[in-house]
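Side-chain atoms are counted along with the backbone in the values below, which use heavy atoms only and exclude waters and symmetry mates.
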Amino acid sequence: MSRPRAGWLPALLALFVSGCGEDGAPAPEATPAQGPFVFVDVALEAGLAFQPTNGTQAKPFITETLGGGVALFDADGDGDLDAYFANGSTHALERGEQAGPRPRDGFFQNDGVGGFEDATTQAGLGDERWTMGVRAADFDGDGWTDLYLSNHGPNVFYRNQGSRAGVHAGFEDDTAHAGLGDPRWSTGACLLDVDRDGDLDLYVVNHIDFDYDDVLARNLRDDFHGLVVMFGPRGLPPAVDRFYRNAGDGTYVDASAEVGIDGVAAYGFQCVAFDYDQDGQVDVYVANDSQANHLWRNVDGRFEERAVRSTVALSKNGLPQAGMGVALGDFDADLLPDLFITNFSDDYFTLYRGEKGGYFRDVSSQARLQMPTHASLGWGCGFADFDHDGDLDLYAVNGHVYPQVDDYPLSSRYRQTNQLFENTGDGRFEDVSEQAGPGFRSAESSRGSAVGDVDNDGDLDILIGNLDVPPTLLRNDSRLAGRSVLLRLEGRGANRAAIGARVEVVVGERVHLRLPGTGVSFLSSDDPRLHFGLGPAERIDAVRITWPDGTKTEHGPFEAADLGPAGATIVLRQD
């Protein structure tokens, strides 16, 4: 996590924001009027009573400050979204210095009527390691979503056993057989077909080679504005990411050296896989903490680092930031993917606009995102059309890493409100957090987040994991500008989920781009269905799909009757 840089400008900005709300605007004296966006936290009434453990309250070690991810996915094939929560631990428990049960991850099954039930044990889940990331995806193409957990310690792969006699058979720990138990401190993970052989390979981000005994023995601590806080990541050894090639038989082979990433160490957090230069090969972007980000260009199955050349390594000032979460989407509707990165406080969240030729431009200031994010320390994030007006809005979940920051008299607080930025359709965003309902006015130290239609009413909700307290489920009760459609792709062969496809939905004069299965937010997994707001339109003129193997199909038109009721999913299959 990057510290604020020395100099007069950050201090001046912090002093300016100290008399303002967290978005840099004057702090309201009364509850603001409600705008078109309305989000309400319904986690408690929905039954999501998951209590996480994240070290001790004082957070003296970096491992205790990061929290973990969440996932929204259909585990049992019943058509609604279930929820998974990563859980941490304490060092005393990990080292056997404290008695008692170890904290477990949580799995909650959607009951189909707006509630959840804890089904962790019944599903064969409940990992007791210090879990960071949750990648929910169909690894083997059998039509059932599997789970890959990136841990502080050996990672775990749970294979979904599908249905037996009409009953979901749960999950089975297949880590040893699959060869995916990386013992390092792992964070993000994403699936992609690097060698274009039809099955899915796996990129795993690692964070720090953390030695608890060394940090404890040397009593390593950092100074943050005169406060004594936990040490790291700077000063600790960065870790090397791993790449696993799918052997095609349910097992994976570590091919990190073969593809060219072995030996490149960084404080990595979140990776996303997408074809940034549109050459037909899937690349990998990695947000790194306190160091330059990585953009691994896939050149015939071998990675070449291109982040500096493509201008996504650093801020527009040429400085490394503290990349936490990543959002991927086409916010300006030019059919080129854009990147949004959450960063540390006393900096800004970065919006990189995609340009032709595989280049990006930092347009954070022009898009009106620089000042509203200055006081925030961001994690999970995403592009999504929350109001169905046809363009992609942005959200970010926030929270500091230092509980001691509440003794710091300027801008940031430990518990922070989350933020919603409305796309105004002219390349800019408006911070509407204060007018987005009570769900965006509560403050926690939040981390992972996932977006999906939890209640199958056609709009997008947000699931958020928090440090030390139960999760937040923001139900979307907004006034919508039109209807929406949910699409689910079915590819051929082992990549049945069509991860790496490119989808363009034509609605009148507008073309909407989505890139399924890329892996976004912070250590979390979104609803894999593709959501499109249609605005005032009642039909879709065409859906154009470029499948992962390069073949192209066109579907439609879809009239209003074809789209079905709100929340219905249209399945498009590769011929």
Side-chain angles (χ1 to χ4, degrees), residues 42-53 68-89 93 100-140 142-151 153-178 180-181 250 448 450 452-456 461 463-466 469-473 497 523-529:
V42 296
L44 183 61
E45 65 185 78
L48 293 175
F50 176 75
Q51 178 61 50
T53 300
V70 299
L72 288 172
F73 68 109
D74 185 0
D76 49 8
D78 64 354
D80 50 35
L81 293 175
D82 308 303
Y84 192 97
F85 298 95
N87 206 349
S89 187
L93 282 168
R102 295 164 65 95
R104 301 193 310 161
D105 293 353
F107 171 70
F108 288 75
Q109 193 170 37
N110 194 322
D111 64 9
V113 291
F116 290 85
E117 298 175 357
D118 188 337
T120 308
T121 301
Q122 301 93 302
L125 297 170
D127 182 44
E128 295 182 350
R129 296 169 179 83
W130 201 314
T131 305
M132 300 294 298
V134 186
R135 171 56 52 220
D138 184 359
F139 276 62
D140 50 14
D142 65 354
W144 296 91
T145 302
D146 310 299
L147 286 169
Y148 183 73
L149 307 179
S150 45
N151 294 332
N155 298 338
V156 176
F157 175 58
Y158 284 110
R159 197 179 298 276
N160 195 326
Q161 299 302 295
S163 178
R164 298 172 186 170
V167 178
H168 185 230
F171 294 81
E172 183 178 272
D173 186 340
D174 198 35
T175 311
H177 170 255
L180 293 176
D453 185 5
V454 170
D455 46 9
N456 280 336
D461 313 296
L463 180 65
I464 301 170
N466 303 312
V469 299
T472 300
L473 176 59
L523 316 186
S524 300
S525 294
D526 286 340
D527 181 349
R529 296 174 296 182

Is a side-chain N or O of [X] found less than 3.5 angstrom from the main chain of [Y], in a donor-acceptor match?
{"X": "R159", "Y": "G250", "value": "yes"}
{"X": "D118", "Y": "G106", "value": "no"}
{"X": "D455", "Y": "G114", "value": "no"}
{"X": "Y84", "Y": "A136", "value": "no"}
{"X": "E45", "Y": "A43", "value": "no"}
{"X": "D173", "Y": "T175", "value": "yes"}
{"X": "T53", "Y": "S89", "value": "no"}

Q: Anything under 30° is parallel, anything over 60° is perpendicular, the rest tilted; go ahead and classify F171 against F73.
A: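 Because their plane-to-plane angle is over 60°, the rings of F171 and F73 count as perpendicular.
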Could you tell me whether the side chain of [Y] reaches within less than 4.5 Å of the side chain of [X], counting heavy atoms only?
{"X": "H168", "Y": "S163", "value": "no"}
{"X": "V42", "Y": "L473", "value": "yes"}
{"X": "L523", "Y": "V134", "value": "no"}
{"X": "L93", "Y": "P103", "value": "yes"}

So which heavy atom on [X] is nearest to which on [Y], and how close?
{"X": "F157", "Y": "D146", "value": "CE1-CB, 3.8 Å"}
{"X": "N160", "Y": "A75", "value": "ND2-O, 3.0 Å"}
{"X": "V454", "Y": "F116", "value": "CG1-CZ, 3.5 Å"}
{"X": "R104", "Y": "E128", "value": "CG-CG, 3.6 Å"}
{"X": "D527", "Y": "L81", "value": "OD2-CD1, 3.3 Å"}
{"X": "D105", "Y": "N87", "value": "OD1-N, 2.8 Å"}

Q: Go through the steps to decide whether V70 and F85 satisfy the test side-chain contact (heavy atoms from CB on, under 4.5 Å), and finish with yes or no.
A: CA-CA 5 Å; V70 299; F85 298 95; 3.6 Å; yes
Q) For S150, which residues count as a side-chain hydrogen bond (donor to acceptor under 3.5 Å, both in side chains) partner, sequence neighbours excluded? A)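 side-chain hydrogen bond (donor to acceptor under 3.5 Å, both in side chains) list for S150, sorted by chain: empty.
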Straight-line distance of [X] [atom1] to [Y] [atom2], nearest 0.5 Å:
{"X": "D174", "Y": "F139", "atom1": "CG", "atom2": "CZ", "value": "11.0 Å"}
{"X": "D461", "Y": "L72", "atom1": "CG", "atom2": "CG", "value": "8.5 Å"}
{"X": "D111", "Y": "F108", "atom1": "CG", "atom2": "CZ", "value": "12.5 Å"}
{"X": "L463", "Y": "S524", "atom1": "CG", "atom2": "OG", "value": "8.0 Å"}

Q. In a check of side-chain hydrogen bond (donor to acceptor under 3.5 Å, both in side chains) between Q109 and each of D76, D80, D82, T120, which one passes?
A.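 Filter result, single survivor: D76.
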(Q) Out of the candidates D127, L180, L125, only one should pair with L149 under the side-chain contact (heavy atoms from CB on, under 4.5 Å) rule; please name it. (A)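 Checked D127, L180, L125 against L149; only one passes side-chain contact (heavy atoms from CB on, under 4.5 Å): D127.
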(Q) Checking D138 against T145: is there a side-chain donor and acceptor pair closer than 3.5 Å? (A)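 No pair is found: no donor N or O on one side chain lies under 3.5 Å from an acceptor on the other.
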